Each structure stands twice: as structure tokens, then as C-alpha cells.
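Let me begin by presenting the structure, written as C-alpha cells, before commenting on it.
Computed over heavy atoms, backbone and side chain alike; hydrogens, waters and symmetry mates excluded. Please read all numbers here as calculations on a predicted model, not as lab measurements.
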Amino acid sequence: MATSERRQAWRSRLYRWDTKGSPYVYIAPFFLVFAAFGLFPLLYTGWLSLHEVSLYNVNQSTWVGFKNFTDLFSGAPSHFFWNALGNTVTLGVLSTVPQLLMALGLAHLLNYKMRGSAFFRTALLAPYATSVAAATLVFALIFSPEGGMANWVLGLFGAAPVHWEAGRWTSQIAISVIVTWRWTGYNALIYLAAMQAVPGDLYEAAALDGASRWKQFLHVTIPALRPTILFTVVISTIGATQLFGEPFLFGGQSGHQGGAANQYETLGVLMYDQGFRNSMLGRASAIAWIMFGLLVLLGAANALIARRLRRSQ
Amino acid sequence: MTTTTQLTHSPTVTTPAPGRRTALRGVRAGRQHHAGPVAYLVLGLVALASLFPLYWTLVAASTDAHRVVSTPPPLVPGGNLFKNLDYVWHNAGGRGMGVALLNSTLVASSVTIGTVAFSVLAGFAFAKLRFRGRGLLMTLVVATLAVPAQLSVVPLFILMHNLGLGNHLGALILPTLVTAFGVFFMRQYLIQALPTELLEAARMDGASSLRTVWHVVVPIARPAMAVLGMLTFVQSWNDFLWPIIAMNGSTNPTVQVALAGLGTGWSTDWSVIMAGALIGTLPLLLVFVLFGKHIVGGITQGAIKG
């Protein structure tokens, strides 16, 4: 009897440990991985940005204070930095704005009752399954100066061929096309999901009031989608701020510096070039922190706009 | 490394209730108009624009260096497909695209298995178990979503170097073994899909916590696990920035690293480069064609972007 009682007590203690301890065991992997490969690198980047570190001797660092930052703002490489910052902004606007507007329109069309809607949805999302590398290489061929598909089509309309990669605007437009191609369908599906959650009686009421389809879109759909639109704006802006693969691969040989004249060098490309080609890991870390600062600023601006919108409603 | 994985505004991220699919098909009465010819025309053109570059990859991969850049450009596949595929299969990225394909499969599978398994565990804990600090810890998980990948590549590079994982596939697997998005996604799903009574019943039967996870939670979470698995696989397979840094100059590259090598190398034999792009894209397109409906569902449930 005594042993069985003891066993009972042991069992209930085991049970209590199990219920108390297991939640922590279950969430531990996430926090361990994040601590090692997320939080630690985050802080370490900050520390590195105040040092001079060579790619070939990563464990030796020399304290330089804020030199990496002041260099970027006004020192020797400042020309590259301001150029990359400007390119990041223009490329961001060129790729985000048309992409989201098109996605909104497409979602509206997909929301109609139609045959083959499953096909259209899958076709629109297919670019999402393509990698940056594969997509950029295909478009680099399409925009190639000799025998490229884009110039051939322009030629059919009697236009002169364009050296897409060489010009600042032409190269940035070409890169924006790649970004837009990959993400428009994805954003359209997000909008579509939000559209289908809009209560039908809102449309019925609008229709009874004599609102046209276009008016319904403007005055019912868009306001109802406001949070989703804000969400996609935030996500796309974050993505645009970190643009790297498209400019890097679009330029082929000169991609690592964003074109022969750095005409489409983004902050992401600059960070790679400074850190992993020029061996200045400290300066690369400073660029990473500046990008992070930009994202925080953008996030704050978005929060402010969101609050304004909510108040105005 | 924290990839830029993001969520929709949380209140609308819900479970796929049985009725949701019909809602997605758009058969709710009273508000939906039929599409006119203009809608078909526009969607048709956009679908064409979406699919054409993929088709063009195939066409270009099946021609030769001269034909691919000639005017007018070839619009139907040529006869050199297998020759080009054979060339990149054996020569791209040092040891060929075949090795790269194997490496990518290995990395993406490991990351997917880890992410799904750990996300189910953590998602279950956050969804259904009571413990001290739960709210704060969950806030922390969500906060980590905002940390961009760029911010950690330099220290990760140093860290992997010191761990002896420079140029090693492990360097690509370890940092993404679990993601905040996965934890959040699972939690949202399990809050609704897992009845608390079922957990109580298991407890009454004296099942240990781990047994409960295996016999109650996992079977219910299976659909969400499949969606999360596919999204994670796509993202891991297509990841670019970290692999190109971690595996720079490696003779044992992943598909993306090998493709970058083809694209930035001295040779511009576009038909060979396109053959590489085709090999890198085809596996995912196959997954996409087979499971496209579920991926579409997964994206509308909780958005993900890499």
C-alpha cells in the first residue's frame, strides 16, 4: 500500500512539473534560436558599427567611435551613400506605387463572379514562386541591349532601342518591373481576401442609392480595405528599403556596385559591396543600422498616418 | 536570422473555417456582379504577363547563345534544351546545378521541418497553455518580426565563421530553424481549431503533455502545418541575401548562389544561364501547380513575404 501511495504522490508531482514546465519547453526553441541568430547579431551589429573590422580577420576590431557613420554622411564614401539612399527611395516609389495600384484593380476584377477564376488567381501568383535570382536573370535577358525582347517590342512600334541597363531611369524602371512582376499577384490576393470580407449589404445599400460600380469601389471597397492597404504599404515599403537581389543581379558584372556608374545602387547593395567586397565590415554594419533607423522612422510615420485615418473616419 | 516575414493586421487572421473556401470562390449572394468582357480581357493580359517570363525561360533555355539574342527573338522552344541543361547540370557553380539542387532541397527541407515542428509546439503553448509571462513573451515574438534580415548578416557571417560553419550548409539552416511568423501563424490557427474540451479530456485520461501534443494537437494542426510547410519551403528555397553572403565563393552552393554565379560570371551565354534558371524554378513551380490552391489559401490567411 505504502509504495503505491508513494507512487501516486510521485505521479502527481510529475504531472505538476509537466503542466508547469512544458509550456516553457515548447517555446524554448524559438527563443533560443532567436537569441543566438536574431538578438545577438542585432546588438553585435551595433557594436561592430563603431569599429573597423576586416573581412579576412573578423575577430580583430579597432574602436573608431562614430567614424563609420560620419564617413558615410560627409566623408570619403558619402557620395556613394547619398546616391544609394536616393536610389533606394526612387526605386521604392517606382516599384511600390504601381504595384499596389495594379493589385487593387486586379483584386477588384478577381472579385467578380467569373469562369476560370481559379486559373487567374494561380497564374497571377505564379511569379511569387519564382526566386529573385531566376526572375532577375530572365528580365535581364528581356531588357538586354542586344536582341532583348523589350527593345524588339519597342521596335515594333517604331521606337529606337534603349540601353536599359546604362541609364539611371531606364535601369531603375527595368528593376521596378522585376519587383512589380513578382509581387503584384501576391498583393492582389491579399486585397481580394479583404474584399470578400466586406459585408454584402453595404454594396446593396450603395446600389439602392444609385451608386455606380465605380462609385461603389471608391466609397465602399476602398474605405473598407483601408487597414489592409496600410498593411501592404508597410510591407512593400519594408521590402523596398531592403532591395538587394534585383539590382545586384540585374547588373551582371557590375551588379555588386549597382551598375557601372552606381546608377541603381541601393543601400542593400552598398552594404554588401562595402562589407563583403571592400572588406569593411564595420562600415557595412553602420549602413545596416542606418537602414534599420529608416525602417523605424517609416514605421512611426505609418502609425501616425493610421491614427489620423482612424480619427477622420 | 530573422527573415522579413510579416502578418496581416491580426484580428482578421483567422482559421480556415469550412465556409471560407466558398467565400473565396465568391459565391456570396447579393453583391457580386458578373465579370464583363473587359474584366476577362484585362485579367487575361495580366495572366499572360505573369506567365510569359516563365515560358520565355524555357524558350531561351532551349536555344543557343546566338539565337537567344537575335531579332526577332525566338518565341517557340528550340532543340538545344537538353544540351544546355546537361551543361549547367555538370558545370554551374563549381560542381554543377545538380549538386546545387540537392543542397537547396536539403536546406529547404531541414528549415521546413524545424520551422513546422517548433512552430506547432510554441504555437500550441501560446494558444492553449497558461503560464507566467505568456503575454509578454508573445509580444516579444511578434516584435521580432520587425527586425530586418540586413541588420544581422555581418555578425551572422562572423558567428558562422567562428562556429566553423563558413561555406557550410549548416550556416543556412541554423538561423531560420524557427520563425516568428510560424509561431504566430500556428497560434492563430490553434486558438480556434483546437477545442479546449479535447485538451481537458486528454488531461482527465492522464495523458502527459507530450502525448497530448502528439495525439491531439498535431492531428488537428495538420492543415495549418501543410500550409506553413509550403510557405516556409518556398521562402527558404528562394532566400537570396544570406546564402549569397554565407556561401560566397563556395564550391558547394545552393541553387540561388549557383544562379547568381551564372548571372555575374564572365560568360553571358544566355541560353545556358536560362537553363540554370529553369532548373532553379521548376521544382517550386511543380509544388505550386500541385498545391497552388493551398498556397493561395495560406497567403490570404496570414501573409508572408521574403
Side-chain angles (χ1 to χ4, degrees), chain A residues 18 22-23 26-27 29-30 33-34 37-38 41-42 44-45 48 58 109 112-114 120-127 129-134 137-138 141 146-147 149 152 185 189-190 193 196 200 203-204 227 231 235 238 242 244-245 249 252 255 268 275-276 281 284-285 288 291-292 295, chain B residues 1-2 6 8-9 23 28 30-35 39 43 47 50-51 53 57 69-73 118 121-122 125 129 131 144 148 150-152 154-156 158 161 175 177-178 183 208-209 238 240-241 245 256 259-260 263-264 270 273 277 280-281 284-285 288 292 296 299-300 303 305:
Chain A
D18 188 21
S22 50
Y26 295 160
I27 62 170
F30 173 79
V33 170
F34 178 69
F37 303 111
L42 182 77
Y44 198 25
T45 313
L48 282 170
V58 292
L109 294 183
Y112 284 137
K113 246 188 229 175
M114 63 179 357
F120 286 127
R121 271 172 220 177
T122 315
L124 255 57
L125 197 64
T130 321
S131 67
V132 178
L137 291 176
V138 178
L141 172 58
E146 297 143 30
M149 181 80 76
W152 175 67
L189 281 187
I190 292 180
Q196 289 181 333
Y203 291 96
E204 274 166 25
F231 161 76
I235 296 303
I238 290 175
Q242 302 178 54
F244 170 74
L249 284 164
F276 297 94
L281 292 180
S285 302
M291 288 171 73
F292 185 52
L295 287 176
Chain B
M1 182 172 56
T2 321
Q6 304 293 337
T8 47
H9 39 95
R28 208 175 286 164
R31 70 184 178 91
Q32 274 197 323
H33 303 288
H34 280 278
L43 282 175
S50 294
L51 295 176
T57 308
V69 289
S70 58
T71 309
F118 291 142
L121 285 177
L129 302 179
F131 54 94
T144 64
Q150 253 88 350
L151 205 55
S152 43
V154 176
L156 269 185
I158 297 176
H161 175 87
L177 264 184
V178 64
V183 174
S208 73
S209 170
N238 285 341
F240 186 71
L241 173 71
I245 287 172
Q256 308 311 330
L259 277 182
T264 55
W270 280 111
I273 296 176
T281 310
L284 274 199
L285 276 185
F288 191 77
V296 170
I299 282 177
T300 48
K305 183 163 184 171

Compare all side-chain heavy atoms of [X] with those of [Y] and state whether any distance is below 4.5 angstrom.
X      : Y      : answer
B:T264 : A:L249 : yes
B:L177 : A:P29  : no
B:I158 : A:L48  : yes
A:M114 : B:L43  : yes

At a heavy-atom separation under 4.5 Å, does [X] approach chain B through its side chain, its backbone, both, or neither?
X      : answer
A:F30  : both
A:L125 : both
A:M291 : side chain
A:F120 : side chain

By side-chain hydrogen bond (donor to acceptor under 3.5 Å, both in side chains), A:Y26 pairs with (sequence neighbours left out) B:S209
B:T71 meets the side-chain hydrogen bond (donor to acceptor under 3.5 Å, both in side chains) criterion, sequence neighbours left out, with none
With chain A, the option among B:L51, B:T57, B:I245 that has the most non-hydrogen atom pairs under 4.5 Å is B:I245
Note: vs chain A, highest number of non-hydrogen pairs under 4.5 angstrom among B:A277, B:G280, B:A35, B:P72 is B:A35
Atom group of [X] that falls short of 4.5 Å from chain A, counting heavy atoms:
X      : result
B:F240 : side chain
B:V183 : side chain
B:S70  : backbone

Looking only at A:G185, A:A126, A:A284, A:S22, the option with the highest number of non-hydrogen pairs under 4.5 Å against chain B is A:A126
Tightest non-hydrogen contact, residues B:L259 and A:L137, listed as O-CD1, 3.7 Å
